[in-house]
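Read through the structure below, which is laid out as structure tokens, and then see the notes.
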Number of protein chains: 2
Amino acid sequence: MTKYAELILELINQSKDHMTAEQLFLELKKREPKVVLATVYNNLNTLCQEGFIRKMSIEGSSDRYDKIEKHDHLVCKKCGMLSDIRFEDLTKKLENQLGEDILSYDLKVFYLCPKCREENKRRHAPQTGLL
Amino acid sequence: MTKYAELILELINQSKDHMTAEQLFLELKKREPKVVLATVYNNLNTLCQEGFIRKMSIEGSSDRYDKIEKHDHLVCKKCGMLSDIRFEDLTKKLENQLGEDILSYDLKVFYLCPKCREENKRRHAPQTGLL
DNA sequence: CTTTAATTTTAGAATTATTCTAATTATAAT
DNA sequence: ATTATAATTAGAATAATTCTAAAATTAAAG
């Protein structure tokens, strides 16, 4: 594994976020000022092919790169906040229903995060005339 | 709903495929030779916002547009073939585990389609020396 | 019906994301 | 050291998508 690939992999594995190529590039640049965006793309592609990371596409924004460790994603439909979660035994359930083996799956669950839910409540609350 | 929006919506709802903006544009052009790609994009965006269709992103290819009717996707990891499937009661299962309501979810299940599985078998079969 | 206003469509430029190519640099092997 | 191999760079090229301003269409008001 090459120098930059290693650093990029570290960045992805250490961060809780799901970063775009651009964001990773900016991070990496702090330590390695000479690095160039194309290099980041190159390394991301090979890291993906070799199975060290996974690429995730979210509609409306550019691709993000994520650790490989199996997990699912919880997305707030309002603010877009993205967090990791693990739904247990889903593979088995899916295989049972499908009737054959699956290789993997990609699940995004959309909900309203606590913060947005609160805001919505407030906005839609019946007006008392006292506020 | 405007003329083109209507036609685009029809195309999406009638087709079994999951078409890109470009493909939809080419289809639409057969009936409406004057239409232009930007118009298709415009209409796709408003149709999405209004909830008539949904946009789906598949890594490695451009966005596709899909009917809204709830269903999941089965993707062959080898040839990329995409088909619809419905996993039953998944919403409830997810809500139970999450402990709160969800709005929707997006599930892609990766497997090897029968055709690719066959091909793989053949390729990896022990050589008898008779072929 | 006309005129005006509002909306939709068009054309094409602009932007963004990503890939590709060829030259350069670095690393490893002889 | 010399050669071979692989990695990195710079920047052009491509692809996908959005934006902008003008033109065309539709709807509304007189």
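Convention: sequence-line order gives letters A, B, ...; per-chain numbering from 1.
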Practice item. Would you indicate, yes or no, if C:dT8 has its OP1 or OP2 atom less than 4.0 angstrom from a side-chain nitrogen or oxygen of B:Thr2? Key: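 So the side-chain polar atoms of B:Thr2 never come under 4.0 Å of the phosphate oxygens OP1 or OP2 of C:dT8.
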Name all pairs fulfilling the salt bridge (Lys or Arg N to Asp or Glu O under 4.0 Å) condition that reach into [range], sequence neighbours left out, sorted by first residue then second.
| range | answer |
| --- | --- |
| residues 103-113 of chain A | none |
| residues 19-36 of chain B | B:Lys3-B:Glu32, B:Glu27-B:Lys30 |
| residues 49-63 of chain A | A:Lys55-A:Asp63 |

Review point. For the pair made of CZ in A:Phe25 and C1' in C:dT16, what is the distance, rounded to whole Å?
Key: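 Checked: the CZ to C1' distance equals 15 Å.
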Exercise for review: With sequence neighbours left out, write down each residue that passes side chain to side chain contact (heavy atoms under 4.5 Å, CB included) with A:Ser62, or none if nothing qualifies.
Suggested key: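 Testing A:Ser62 for side chain to side chain contact (heavy atoms under 4.5 Å, CB included), a comparison that skips the adjacent residues, returns A:Thr20.
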Check your understanding: With sequence neighbours excluded, what pairs up with B:Ser61 under the side chain to side chain contact (heavy atoms under 4.5 Å, CB included) test?
Key ->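 Only B:Ile58, B:Arg64 meet the side chain to side chain contact (heavy atoms under 4.5 Å, CB included) criterion with B:Ser61.
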**Study point:** Earlier contact from the 5' end, DNA chain D, for B:Lys3 and B:Asp63
**Key:**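 Residue closer to the 5' terminus by nearest nucleotide: B:Asp63.
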Review point. Just the endpoints, please: which first and last nucleotides of DNA chain D, 5' to 3', lie under 4.0 Å from a heavy atom of chain B?
Key: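 Contacts span D:dA16 to D:dC19, reading 5' to 3'.
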**Study point:** Pairwise ring pair (Phe, Tyr, Trp, His ring centres under 6.0 Å) hits with a residue in residues 29-60 of chain A, at least two apart
**Key:**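 Non-adjacent pairs meeting ring pair (Phe, Tyr, Trp, His ring centres under 6.0 Å): zero.
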Practice item. Could you list by number each residue of residues 4-22 of chain A showing a heavy-atom separation from DNA chain D of less than 4.0 Å, or answer none if no residue does? Key: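 When residues 4-22 of chain A is checked for heavy atoms under 4.0 Å from DNA chain D, the hits, listed by number, are A:Tyr4.
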Review point. Listed in order of residue number, which residues of residues 31-58 of chain A have a non-hydrogen atom at under 4.0 Å from DNA chain D?
Key: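 By residue number: A:Lys34, A:Val35, A:Val36, A:Ala38, A:Thr39, A:Asn42, A:Asn43.
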Point to revise | Test ring-ring contact (aromatic ring centres under 6.0 Å, His included) applied to B:His18 - qualifying residues, sequence neighbours left out | key: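 For B:His18, the residues satisfying ring-ring contact (aromatic ring centres under 6.0 Å, His included) (neighbours in sequence not counted) are B:His73.
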Practice item. For A:Arg86, check side chain to side chain donor-acceptor pair (under 3.5 Å) against everything at least two apart and list the hits. Key: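 Partners of A:Arg86 by the side chain to side chain donor-acceptor pair (under 3.5 Å) criterion, ordered by chain and then number, come out as A:Tyr105.
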Check your understanding: Do A:Leu44 and A:Val40 come within less than 4.5 Å of each other through their side chains, counting heavy atoms only?
Key ->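 Yes, their side chains come closer than 4.5 Å.
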Review point. Which residue pairs pass the side chain to side chain donor-acceptor pair (under 3.5 Å) test with at least one member in residues 89-102 of chain B, sequence neighbours excluded?
Key: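 Matches after skipping sequence neighbours: A:Arg117-B:Glu100.
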